[in-house]
Amino acid sequence: MQGSQTLSAQDSAKDAVKEQRAEFYCRISGNHLTPLWEVLGALVPKSPKSPAVPALWRYADVREQVMEAGRLITAEEAERRVLILENPAMRGNSSITQSLYAGLQLILPGEVAPAHRHSQSALRLVLDGEGAYTAVDGERTTMRRGDFIITPSWTWHDHGNLGSEPVVWLDGLDIPTLRFFDAGFAEHGSAASQQAARPEGDALARYGHNLVPVDLKQAPSDPTKVFVYPFAETKEALEGIARTEADAHFGHKLRYVNPATGASPMPTIGAFAQLLPEGFVSKPYRSTDSTVYVCLEGKGSAQVGGEDYAFGPNDIFVVPSWHELRLRAEAKTILFSFSDRPMQQALGLWREEKMQ
Ligand code: GTQ
């Protein structure tokens with residue numbers, strides 16, 4: 001009896017304190033103040049607690065809806081006809097991770113997505129169809145499946161389709177990052193399509209063969225002038241290194257670089273290509289850069305947060321920060337991926353953990 005009375009006395013003392021605090025919080029709220037101690041654990045977590053969740057988009061499930069968008073609006077009217085891949089736990093945010101945006105862009109035969117430029121950096125990974133091009137600062141490049149194409153911050157770009165089939169690619173942009181920094185600018189071009197200032201292939205010839213113009217000067221954060229990384233070359237590199245033993249965590253994984261500096265192609269987004277031999281099972285791995293993966297060839301599965309996500313060609317999946325990833329390949333598999341790693345590294349924040 002004595003014990004429970006003491007307990008209830010303690011309880012009512014606690015309740016009184018709670019009430020006083022609640023009244024205090026309410027009063028200071030009028031001055032736009034709020035107590036740190038109520039939120040400190042969430043603000044300064046022991047390890048990353050991403051609001052993003054793992055997710056996979058099967059291309060076969062969404063392709064028809066992308067095509068349906070093509071019957072509802074023209075590329076010109078939409079400016080960019082894109083279905084945004086939204087992280088299921090962050091709907092309404094136009095984000096696939098906290099810092100990055102991804103979308104599927106469709107361009108139909110004869111269409112033009114008009115020239116514009118913005119401070120957001122963009123990458124394209126060509127998935128489906130042939131005959132489209134992207135023009136970047138006066139040079140066109142034909143888009144072939146698996147090609148990794150970039151439009152760095154503030155470069156003019158337009159897209160067009162000169163072929164006879166619909167073309168779909170994955171867009172990856174740093175839109176949420178620029179929104180976070182309130183650093184977004186954009187403008188429209190004076191014409192829908194840019195005048196060609198240089199012949200197709202010029203940038204790749206000039207900057208993409210382990211040679212650069214003799215007077216080229218680039219700061220470490222400058223984007224590469226190589227704006228297309230043809231899949232044929234990426235595949236040749238991956239198959240070349242796949243003759244040696246695979247890394248236990250990555251298989252055979254390469255990082256796309258600005259060949260003039262060794263830095264990432266663009267300062268805000270890092271990109272990677274990896275080959276997993278048939279039957280490969282990776283050891284678990286995690287890193288602080290939430291990563292978007294695209295399967296270009298083969299099939300397998302990604303185990304993230306204890307769940308298995310089976311993937312095949314053109315399927316896209318996202319692995320949030322600090323989530324353990326285990327990759328399995330049922331056939332020889334090629335994955336493309338991108339993340340905000342260069343930003344985190346520039347700020348000294350990036351961490352990884354290779355588990356056994
Ligand atoms: O192609 O310029 O998915 O400006 C989103 C914004 C693509 C583009 C997107 C863009 C673009």
Side-chain angles (χ1 to χ4, degrees), residues 57 59 62-63 65-70 72-87 90-108 111-129 131-143 147-162 166-194 223 227-229 265-266 268-269 271 292 294 314 316 318 336 338-340:
W57 289 261
Y59 189 65
V62 298
R63 184 179 189 276
Q65 290 176 340
V66 171
M67 297 300 158
E68 206 178 324
L72 283 174
I73 191 164
T74 65
E76 191 115 13
E77 192 189 348
E79 189 165 340
R80 296 294 184 265
R81 190 204 287 115
V82 179
L83 297 186
I84 302 172
L85 305 177
E86 285 200 313
N87 192 285
M90 300 163 67
R91 296 305 310 273
N93 249 343
S94 304
S95 303
I96 192 161
T97 70
Q98 288 270 64
S99 61
L100 297 175
Y101 155 108
L104 290 168
Q105 182 159 176
L106 167 70
I107 189 152
L108 296 171
E111 284 191 324
V112 164
H116 68 192
R117 62 176 176 175
H118 37 69
S119 45
Q120 291 81 1
S121 300
L123 67 81
R124 335 275 169 199
L125 201 270
V126 186
L127 296 180
D128 193 5
Y133 67 84
T134 282
V136 181
D137 272 351
E139 184 181 331
R140 280 186 183 181
T141 192
T142 302
M143 304 177 91
D147 287 355
F148 164 49
I149 297 164
I150 62 166
T151 57
S153 178
W154 212 240
T155 54
W156 291 107
H157 54 284
D158 56 270
H159 318 293
N161 187 342
L162 304 172
V167 175
V168 178
W169 63 81
L170 178 73
D171 282 325
L173 287 91
D174 53 11
I175 286 172
T177 299
L178 271 83
R179 184 170 57 196
F180 171 77
F181 285 123
D182 284 333
F185 292 90
E187 60 186 33
H188 290 114
S190 53
S193 302
Q194 297 175 67
F227 68 97
V228 55
Y229 297 76
M266 301 184 287
T268 52
I269 311 178
V292 179
V294 186
N314 288 0
I316 299 155
V318 57
F336 170 87
F338 68 95
S339 78
D340 63 12

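Just so you know, ligand 1 is whichever comes first in the structure, and atom 1 is the first atom listed for that ligand.
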* Closest contact, heavy atoms only, Gly131 versus Val167 -> N-CG2, 4.3 Å
* Structure fact -> Between Leu104 and the options Asp171, Val62, Ile84, Asp128, the side-chain contact (heavy atoms from CB on, under 4.5 Å) test singles out Val62
* Protein contact of atom 5 (C) of ligand 1 - nearest heavy atom, named by residue and atom, plus distance -> Tyr101 OH, 3.4 Å
* Asked: For ligand 1, which atoms sit closer than 4.0 Å to a heavy atom of Val82?
  -> 3 (O)
* Sub-4.0 Å heavy-atom approach of Glu79 to ligand 1 -> no
* Asked: Taking only residues two or more places apart in sequence or in another chain, which ones pass side-chain contact (heavy atoms from CB on, under 4.5 Å) with Asp158?
  -> Ala115, Tyr133, Ala135, Ser193, Gln194
* Asked: Which heavy atom of the protein is the closest neighbour of atom 4 (O) of ligand 1, given with residue, atom name and distance?
  -> His118 NE2, 2.8 Å
* Structure fact -> From the list Leu83, Leu170, Leu85, Asn314, side-chain contact (heavy atoms from CB on, under 4.5 Å) partner of Trp57 resolves to Leu85
* What class does the angle between the rings of His159 and His157 fall in, given that below 30° is parallel, 30 to 60° is tilted and above 60° is perpendicular? -> tilted
* Structure fact -> Residues passing the salt bridge (charged side-chain N to carboxylate O under 4.0 Å, His left out) test with Glu76, sequence neighbours excluded, are none
* Asked: Hey, looking at atom 1 (O) of ligand 1, which of Arg124, Gln120, His157 has the closest heavy atom?
  -> Arg124
* Asked: At a 4.0 Å threshold, what atoms of ligand 1 neighbour a non-hydrogen atom of Gln105?
  -> 1 (O), 7 (C)
* Ser95 and Arg179: side chain donor to acceptor below 3.5 Å -> yes
* Asked: What's the shortest distance from atom 7 (C) of ligand 1 to any protein heavy atom, and which residue and atom give it?
  -> Asp171 OD2, 3.2 Å
* **Protein contact of atom 11 (C) of ligand 1 - nearest heavy atom, named by residue and atom, plus distance** => Arg80 CG, 3.7 Å
* For Thr151 and Arg124, test the side chains for any donor-to-acceptor distance below 3.5 angstrom and give the result as yes or no. => yes
* Can you sort out which atoms of ligand 1 are near His159, meaning under 4.0 Å from one of its heavy atoms? => 1 (O), 8 (C)
* To do: Using a strict cut-off of 4.0 Å, indicate which atoms of ligand 1 neighbour a heavy atom of His116.
  => 2 (O), 4 (O), 8 (C)
* To do: Please write down residue, atom name and distance for the protein heavy atom closest to atom 6 (C) of ligand 1.
  => Leu173 CD2, 3.9 Å
